[in-house]
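Shown next, in structure tokens, is the structure this report addresses.
Atom set for the values below is all heavy atoms of this structure, side chains included, hydrogens, waters and symmetry mates excluded. By convention in this document, chain letters (A, B, ...) are assigned in the order of the sequence lines, proteins followed by strands, and residues within each chain are numbered from 1.
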2 protein chains.
Amino acid sequence: MPLSAPGDEQDWLAAYDPREYPPVAVTVDVVALTLRHGTLHVLLVERGTPPHLGRLALPGGFLRAGRENLATAAARELAEETGLTELPRVHLEQLGSYGAPDRDPRMHVVSVAHLAFAPDLPDPQAGSDAAAAAWHPVDTLDPAALAFDHARILADALDRARAKLEYTPLAAAFLGPDFTIPELRAVYESVWGDPLHPGNFHRKVLSVPGFLRPTGDTTPHGSPRGGPRARRYRLGDADRLHPPLLRPAPDGG
Amino acid sequence: MPLSAPGDEQDWLAAYDPREYPPVAVTVDVVALTLRHGTLHVLLVERGTPPHLGRLALPGGFLRAGRENLATAAARELAEETGLTELPRVHLEQLGSYGAPDRDPRMHVVSVAHLAFAPDLPDPQAGSDAAAAAWHPVDTLDPAALAFDHARILADALDRARAKLEYTPLAAAFLGPDFTIPELRAVYESVWGDPLHPGNFHRKVLSVPGFLRPTGDTTPHGSPRGGPRARRYRLGDADRLHPPLLRPAPDGG
DNA sequence: CGAATAGTGTCTATAAGACAATATTAG
DNA sequence: CTAATATTGTCTTATAGACACTATTCG
């Protein structure tokens, strides 16, 4: 219920003037994930200003008030930090908002965090804005190296990513338009951190209706250490996996 | 990355003054769901001021800058609109943020929507703030009667609620501390809108580890139209259902 | 050739759904 | 008594996971 406030706020609401209002800033942050050399990486920038100068942070910035919606702002920030004007084949979704009053020492900042899945993108060295940005492996990343509450946001993003692979075809967002089932399995193994049984995985993904559609051709070569060529697939029309690909259960519970 | 902005914004950021900044308001809205007489209801208020005067809206209001976080603000708004100072046994979680520039005609408002599951609460007539609030059945609600983009928010909330029942024990949040398996089944049937097989449901919920814990006693009476007394249960310690209770598949795939 | 891998077959334990059966209670 | 309901039992079918096997390709 925007701008309708209860009780004692209602009077001055009628004659609303934003300049009298205690300020809240809205920013948009992006947890951009990609796979490089088979391991999961996240895009981080090194902060050039205080607070947390020199520490790593998620790419992000202010919402341009009155001019863009949240998803647009997230895509814009991601494009600026990667130096890519085009971001083809990148999945972008909202993750959640973080609004603790003290999460930024300067003022109350509400950050709307987003989650991006991208195929292997080039190193963000080109643009000037992207100079401080780089891909970092998530498994060797020290959470204490992150500024603000970005370690928490990253942790939430990884939880969400792992869950999304179970019941959506989004694993393919880490790959090109065509891909093989072993490549798809590598995505699941990297994000979930568990090795999967090749044969069972193969049969299972093929059994999900609408997940994969064969292109008819195969890879030109076998895998680096031998083996036959793999068939190539494209995404089907399903936007949910029925039945889902469940992770190996977290032990006893 | 709060307050770290790329390129041309970086200069004036150092000498940041919120009064020079294009204003964005942050509100918190709540989609509060409860079960009354076996049907799902949502808490709505009738707007007393333009825009959308007289139309129905989700309860909500401004985030108190610098003084509260998002979840606290949502709980406060819900308490104010229901007239209840205590909100025991209410599950509250963040749903998502809505920030299209034109969603409120007065200014750019980012609303952080929340989702609440509550046991059958009294009608919100008591407090003055809650005068215009009432529970509305969701299945007979005309989406066009809702102000702003609240129909979309409500639809997203229902999607989330239906999905959450599959893999979390949150159905119990609609019930008291003790409940019977038929009562729990009624929650699933109301939220999913499908009748479930009593026998199979019974066995299935009991088979999920950590979901239900028997209290040892039973209901004092049978159900209104006959039948034996039902055993009472309390929630177990699981916060996820493994394996999940999957909905009947949406037809062909 | 030897090793690694894509893809298929087979078997078993488990789970889901249809249905039946029994016991208990309301009216 | 009759109807409705809680709970348990049984059976069939689908699925997950373990494992084996074949064919293909790299070095």
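In this model, the phosphate group of D/dA16 is approached by a side-chain N or O of A/Lys204 to a distance below 4.0 Å at OP1 or OP2. For A/His202 and C/dG7, the shortest distance from a side-chain N or O to OP1 or OP2 is below 4.0 Å.
Closest to the side chain of B/Arg231, from the set C/dT8, D/dT8, C/dC19, is D/dT8.
B/Asn200 has its CG atom 15 Å from the P atom of D/dC11, to the nearest Å. Taking atom CG of A/Leu241 as the reference point, atom C1' of D/dA16 lies 16 Å away to the nearest angstrom. Following rounding to the nearest Å, B/His242 (NE2) and C/dA15 (P) show an atom-to-atom distance of 13 Å. The separation between B/Arg232 atom CZ and D/dA6 atom P is 13 Å, rounded to whole Å. Rounded to a whole Å, the CG atom of B/Leu206 is 11 Å from the C1' atom of D/dT8. Across the protein-nucleic acid pair, B/Phe201 atom CZ and D/dT8 atom P stand 14 Å apart, rounded to whole Å. One atom, NE2 of A/His197, and another, C1' of C/dG9, lie 12 Å apart when rounded to the nearest Å. Per the geometry, CG belonging to B/Leu245 stands 13 Å off C1' belonging to C/dG17, to the nearest Å.
One finds a salt bridge joining A/Asp178 and A/Arg234 here, because a Lys/Arg side-chain nitrogen approaches an Asp/Glu carboxylate oxygen to under 4.0 Å. Ion pairing between a basic and an acidic side chain is recognised when a charged N comes within 4.0 Å of a carboxylate O; B/Arg247 and B/Glu166 show such pairing. Salt-bridge check for A/Arg36 with A/Asp123: passed, with a basic side-chain N closer than 4.0 Å to an acidic carboxylate O.
The six-membered or imidazole ring of A/Tyr188 lies near that of A/Phe201, with a centre-to-centre distance under 6.0 Å.
Sorted by first and then second residue, the salt bridge (charged side-chain N to carboxylate O under 4.0 Å, His left out) pairs with a member in residues 89-100 of chain A read A/Glu93-A/Arg160, A/Glu93-A/Lys164; sequence neighbours excluded.
Below 30°, between 30° and 60°, or above 60°: for B/His41 and B/His37 the angle between ring planes is above 60°, a perpendicular geometry.
Near-neighbour residues of DNA chain C inside residues 215-230 of chain A, defined by a heavy atom below 4.0 Å, number-ordered: A/Ser223, A/Arg225, A/Gly226, A/Gly227, A/Pro228, A/Arg229, A/Ala230. Within residues 162-188 of chain B, no residue has a heavy atom under 4.0 Å from DNA chain C.
Between A/Thr219 and A/Arg232 the shortest side-chain heavy-atom distance falls below 4.5 Å.
Pairing each heavy atom of B/Asp156 with each of B/Leu95, the nearest pair is O-CD1, 4.0 Å.
Between B/Tyr233 and A/Leu246, the residue whose closest nucleotide on DNA chain D is further toward the 5' end is B/Tyr233.
Counting non-hydrogen atoms of neighbouring residues, nucleotides and ligands closer than 6.0 angstrom, the CZ atom of B/Arg152 reaches no more than 12 such neighbours.
The base of C/dT14 is not paired with the side chain of B/Arg203 by any donor and acceptor separated by under 3.5 Å.
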